[in-house]
Amino acid sequence: MFQRWLVPLLALWVVSIAWAPIASAEVVFPPGLRVGLQPAGDFTVSKRLPGFEDQGRNAVISILDLPAAAYPELERSAFDQGQQNLKDLKRISFPFESGIGILISGTADDNGTPVHKWFLLAAAVGGEVRNLTALVQVQVPDTALSVYSDEVVRKLLASVTFRPTPLKEQLAMLPFQLNELAGFRVTQILPQGGVILTDGPTDDITSQPYMVIAVGPGAPSEPGERGRFVNDLLSTAPLGNIKVQLSEPQRISNAAGYETRAEAIGPRGNPVSLVQWVRFGGSGYLRIIGVTGKDASEKAGWDVMFPRFRAIRDGIEPR
């Protein structure tokens with residue numbers, strides 16, 4: 001159970017969307033998302049949310065690209081009797097390009113103006129796309145229903161398509177650039193603006209060395225407050241029995257920083273060694289964590305992994 005929730009915890013431990021013209025006959029994936037569709041009418045990729053917009057008509061298609069674990073809760077919400085306060089509520093099984101989902105539709109009142117809404121809830125089942133729950137919401141004001149009718153919207157939703165995680169796109173959206181991977185590979189991009197790297201044959205980071213790199217807001221400006229700050233950050237790690245071995249200020253890429261080394265117990269009950277670097281800048285910070293098994297083989301031992309962790313740290317540049 002703990003292993004299942006490790007990545008969401010790492011996300012807590014630690015977008016802007018580019019405009020793009022759309023050819024309506026093709027499936028378009030907003031940058032970084034695994035969910036795309038064939039937009040109709042004047043929908044273009046949104047610059048303010050994951051999805052599409054027709055700003056002239058105030059119509060919106062929003063897309064949530066979520067882990068598979070999110071599906072049960074969303075399904076319960078879909079069958080809630082008071083769901084979304086929709087009138088003329090309808091729920092049907094709905095086939096689309098990448099599978100079969102649940103389509104919920106109805107109308108709502110927005111400051112006296114009727115708004116038509118459609119929700120497609122679906123999960124990836126089999127194939128090369130895994131661990132995906134998709135929630136696609138279409139919202140059309142009554143004044144735009146002549147362009148985006150129920151028939152048009154259903155055709156649009158029937159084109160919903162899944163693709164494997166576009167790691168290159170997601171990496172390009174991070175607030176920093178990774179110039180050195182030191183043999184590690186990207187396993188997941190975190191929605192808060194971070195990335196998980198691992199060194200091993202699988203994506204199970206509980207059994208092999210890994211790194212978490214992320215940005216955060218609210219760093220202390222006074223040097224005397226930074227020691228407590230970095231130790232508080234370390235205490236939120238999804239690890240047990242954390243024992244700090246070393247914690248001291250140091251310059252990191254010509255900026256004020258802190259290095260902390262510690263030992264802890266991993267999610268499998270195994271002892272691990274870790275390093276945390278925090279680089280301060282402005283009102284925020286960059287956090288870099290490297291973890292490996294304390295009793296790992298010589299290939300994954302601390303003396304081998306620490307220089308690789310450090311090489312990745314030194315290759316990070318802000319965008």
Side-chain angles (χ1 to χ4, degrees), residues 4-5 7-12 15-20 22 27-40 43-54 58-80 82-86 89 91-106 108 110 115-125 127 129-140 148 153-154 156-167 169-170 173-174 188-196:
R4 178 175 138 194
W5 292 105
V7 168
L9 286 171
L10 286 170
L12 293 174
V15 213
S16 65
I17 302 294
W19 180 89
I22 290 173
V27 172
V28 177
F29 293 89
L33 295 186
R34 295 176 291 174
V35 183
L37 50 80
Q38 293 178 8
F43 276 116
T44 58
V45 175
S46 174
K47 292 184 284 187
R48 66 181 184 89
L49 55 82
F52 304 85
E53 287 184 285
D54 179 342
N58 293 320
V60 177
I61 304 171
S62 60
I63 300 174
L64 290 180
D65 179 334
L66 302 168
Y71 188 88
E73 182 61 32
L74 290 175
E75 185 179 41
R76 283 192 292 270
S77 176
F79 286 91
D80 183 348
Q83 195 261 351
Q84 299 292 331
N85 295 317
L86 294 179
L89 179 66
R91 303 184 188 91
I92 62 170
S93 177
F94 187 80
F96 62 98
E97 187 67 27
S98 286
I100 298 177
I102 301 170
L103 178 64
I104 305 101
S105 61
D110 184 8
V115 176
H116 302 263
K117 295 186 177 184
W118 296 259
F119 303 85
L120 175 62
L121 172 62
V125 180
V129 180
R130 302 178 184 276
N131 191 29
L132 169 62
T133 293
L135 179 62
V136 183
Q137 176 182 343
V138 183
Q139 181 170 307
V140 176
Y148 302 116
V153 172
R154 286 175 182 248
L156 177 156
L157 291 173
S159 73
V160 167
T161 304
F162 300 155
R163 65 170 172 171
T165 303
L167 288 176
E169 289 180 16
Q170 293 181 352
M173 296 166 66
L174 291 174
Q188 185 171 352
I189 307 296
L190 303 176
Q192 292 83 358
V195 60
I196 299 177

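The figures here come from the full heavy-atom set of this structure, side chains too, leaving out hydrogens, waters and symmetry mates.
Without hydrogens or angle criteria, Asn131 side chain to Ala68 main chain gives a donor-acceptor distance under 3.5 Å. Remark: side-chain polar atoms of Glu169 are paired, donor with acceptor, to backbone N or O of Gly32 under 3.5 angstrom.
Here the side chains of Val140 and Val115 are not in contact, with every heavy-atom distance at 4.5 Å or above. When side chains are defined from C-beta on, Phe52 does not count as touching Thr44, because their heavy atoms never get closer than 4.5 Å. The closest side-chain heavy-atom distance from Thr161 to Phe29 is below 4.5 Å. Side-chain contact between Leu89 and Ile104 is present, with heavy atoms from C-beta onward closer than 4.5 Å. Counting heavy atoms from C-beta on, the side chains of Val138 and Leu157 come closer than 4.5 Å.
For Arg130, the salt bridge (charged side-chain N to carboxylate O under 4.0 Å, His left out) criterion is met by no residue, not counting sequence neighbours.
Contact between Phe162 and Ser98 at its shortest, heavy atoms only, is N-OG, 2.9 Å. When all heavy atoms of Asp54 and Phe43 are compared, the pair lying nearest together is N-CD2, 3.5 Å. Contact between Trp118 and Ser105 at its shortest, heavy atoms only, is CD1-CB, 3.6 Å. In this structure, Arg34 and Thr165 approach most closely via the heavy-atom pair CD-OG1, 3.3 Å. Of all non-hydrogen atoms in Ile61 and Leu49, the two that sit nearest each other are O-CD1, 4.0 Å. Contact record, Pro30 with Arg163: O-NH2, 3.8 Å, taken as the closest heavy-atom pair.
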Passes salt bridge (Lys or Arg N to Asp or Glu O under 4.0 Å), Glu53 versus Arg48? Steps please.
CA-CA 9 Å; Glu53 287 184 285; Arg48 66 181 184 89; 2.7 Å; yes
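Between the CG atom in Leu74 and the OG1 atom in Thr133 there is a gap of 6.5 Å [rounded to 0.5 Å]. Here Ile92 contributes atom CD1 and Leu103 contributes atom CG; the two are 5.0 Å apart, rounded to the nearest 0.5 Å.
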